[in-house]
Amino acid sequence: MEGGLGGNTVPPNSCDKSKVLDVKPLRTLIPIFPEASDGPPFVCVPPNGPFPSGFSPFFPFSGPQGSRSTPDINQNGFNSTPLPIRSFRAEPSTSNGQNVSYGSHKLKSTRSRSVKKKAKRSKYSEFALTALTNFNPGISLSERDDGNRELVENVLLKFDALRRKLSQMEDAKESHSGIVKRANLKAGNIMLSKGVRTNMKKRIGVVPGVEIGDIFFFRMELCLVGLHSQTMAGIDYMVIKDDLEGERLALSIVSSGRYDDDAEDPDVLVYSGQGGNASRDKEASDQKLVRGNLALERSLQRANEVRVIRGVKDDLHQSCKVYVYDGLYKIQESWMEKGKSGCNMFKYKLVRIPGQTDAFATWKSIQKWKEGLSSRAVLILPDLTSGAESTPVSLVNEVDDEKGPPHFTYSSTVKYPKSFKLVQPSFGCNCLDTCQAGNSNCSCIQKNGGDFPYTANGILVCGKPMIYECGPSCLCFRNCKNRLLQTGFKVHFEVFKTKDRGWGLRSWDPIRAGTFICEYAGEVIDKIKARQDGGDGENNEYAFHTNRLYESFKWNCETEVLGEGSSDTTECFDIPSPLIISSENSGNVARFMNHSCSPNVFWQPITYEHNNEAFLHIAFFAKRHIPPMTELTYDYGIRRSDETESNNVEYGRKKCLCGSPKCRGYFY
DNA sequence: GCCGGCTCATCGAG
DNA sequence: CCTCGATGAGCCGG
């Protein structure tokens, strides 16, 4: 086995601990609180309002329920927290609007197309209308024309937040089969109509704010950030006005893989022209040199750059596709050949312009590692969990000779000391089989404020003060969708040596926003007992603290979707009982996640055992889409002055190397 | 206004 | 369970 470790998956204890992991995450010392004058103050607002203008009625961990150790779950959220989006639900009941609109499809003979369309619109028009009224795009006209990184990220975050919320609403509808779920299109429609988009100006070459390697999960996303403005067609082009007869040039293409255009060389793409496909009422035909095909031909002659987006299958969500922006290509040649149908098709050979960061090439490599067709030269261990997780975790080092992090025991979950005795009797839901999103009788859904916390494919809809999963006393099966944390992570992780921050964590799989990353495993430190023993966990670099100050924790709450969320606000979050988890001796992959001041991962409290919120699990979720091989980081938070006995906030302070423009400089 | 497009989700067969 | 293909609604832009 690699690394000469002889099949022992736990790294030998012989490593010098001091050499490793000198990096620990951050907890800054300088709490950055917004001045009262610049923007909304934070948090401590009564949940029933009145709300200061500009502040969103969402209460991460504060407010009355946060200060009680045993909150009344029946009060959680539902009545006390305004839920703007939910209130948009077009048909409160089983709905005329819906039936009418669907019914009208069947009556096509008597109704004109336009009537049909109108009826369709009404299905969610009420929602859209309210959203439009409240939706503050916050994007100026010039920003709509030309974007930047921040705008691109914001647009994508808003789109996906809206999409997840709409998915949640659809999931909860009575399952009349036949209702097609198109939350992505609805979200896209709202975004486009409200002008929440950027880079609308068509351009050749680089799109400001979109980076090579960026990933997308819907065609609509490409459209919203101006990378490829066709929602379905694979070739986007622009008309050159000062040219005779409206000459057109290709701007970007999306390769979906449907036409067997995959080449062995990741820098080469053979792309098929558009048109000529057989459809319901049409035979296959020869492709014509018009539209996109003509544009590609002209781009070949002019040798202009063409953006290439590669569509690949999403390993985590089988039926879905991921789109990878692979940078600029030039068209080298074109020809015509007979396709499978026997009709003529155009073919274009595109070659990647050298010197650009690897994107699709990385995907191809990962594909080969997964299939075992090639092994990673830098692999130390194929699975450092020794099979404790359902997916292996690779251990690699491409930086130096170190053979692994210091010894620790791999444990996939958090352990509470005996001193945390459960006091309350257990009760759970009575759902048979699995809990259904629309079932208002399910007590677990009630605990979650009436909403199913995850979408049907296991994506977190929005951050909340607490998520209540089904537990051991529930009657539902293990495969209930409300047991996401308990089923373990699905992402193929890799623990790797960073250049300057010890070991880190990254993923082979592309991760979409809201994906469950992993739990923070380790041993819960009993503060009282620890103090008696002469320590309080502060001395521990492998410790997770819930009671620090965190930025932008309002991940995708309704108000953020609606544009009011301010990620610049630092908020304090009180969870029922502050928790310290040490992963020094035992832990899982989470112990390798480094700090960043602009993280791509955040944490969320979840409870499912004992009906006792003192028994928390800390679950990590993706804040945004994360391309493969990108380091996963979260915000270690800002230490409160009362965190240490001595009030010595300098204690354990480390220089932050996250490199983010918003870096606070230090962390703990 | 119409219609085409390297879509997307669902369903059912194997 | 899967994975695959067929199916049909869907909407922007040309």
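All values derive from a computational prediction rather than experimental measurement. Numbered from 1 within each chain, the chains take letters A, B, ... in sequence-line order.
For the pair A/H317 NE2 and B/dC8 P, the computed distance is 14 Å after rounding to whole Å. Taking atom NZ of residue A/K194 and atom C1' of nucleotide C/dC12, one finds them 19 Å apart after rounding to whole Å. Summarising the geometry, the separation between NZ on A/K313 and P on B/dC8 is reported as 15 Å, rounded to the nearest angstrom. We find that CD1 of A/I190 is positioned 16 Å from C1' of C/dC12, with the value rounded to whole Å. Here B/dT10 presents its C1' atom at 14 Å from CG of A/N457, a figure rounded to the nearest Å. Between A/H228 atom NE2 and C/dG13 atom P the separation is 11 Å, expressed in whole Å. Atom CG of A/L192 and atom P of C/dG13 are 7 Å apart (whole Å).
Side-chain proximity of A/Y237 to C/dG14, B/dC6, B/dA9: nearest is C/dG14. Set against C/dC12, B/dC8, C/dG13, the side chain of A/Q230 has C/dG13 as its closest nucleotide. Nearest nucleotide to the side chain of A/R182, out of C/dG14, B/dC8, C/dC12: B/dC8. Minimum atom distance to the side chain of A/N277 is reached by B/dC6, of the listed B/dC8, B/dT10, B/dC6. The nucleotide whose nearest atom lies closest to any side-chain atom of A/R219 is, among B/dA9, C/dC11, B/dC6, B/dC6. The side chain of A/C320 lies closest to B/dA9, out of B/dA9, C/dG13, C/dC11.
Centre separation under 5.5 Å together with a plane angle under 30° holds for the ring of A/Y271 and the six-membered base ring of B/dC6, marking them as stacked.
Considering only heavy atoms from C-beta on, A/W508 comes within 4.5 Å of A/S394 through its side chain.
Look at the C1' atom in both B/dT7 and B/dC3: the space between them is 16 Å, to the nearest Å.
A/Q367 and A/E371 form a side-chain donor-acceptor contact under 3.5 Å, judged by distance and modelled atom types alone. Side chain to side chain, A/Y329 and A/Q356 fail the donor-acceptor criterion of an N or O pair below 3.5 Å. At a cut-off of 3.5 Å, with distance as the only test, a side-chain donor of A/N344 or A/K338 sits close to an acceptor on the other residue.
Note: A/F217 and A/H625 have perpendicular aromatic rings, judged against thresholds of 30 and 60 degrees for the angle between ring planes.
Between C/dG14 and A/K202, a contact under 4.0 Å exists linking OP1 or OP2 to a side-chain N or O.
Nearest-nucleotide mapping onto DNA chain B: of A/S319 and A/G234, the residue sitting toward the 5' end is A/G234.
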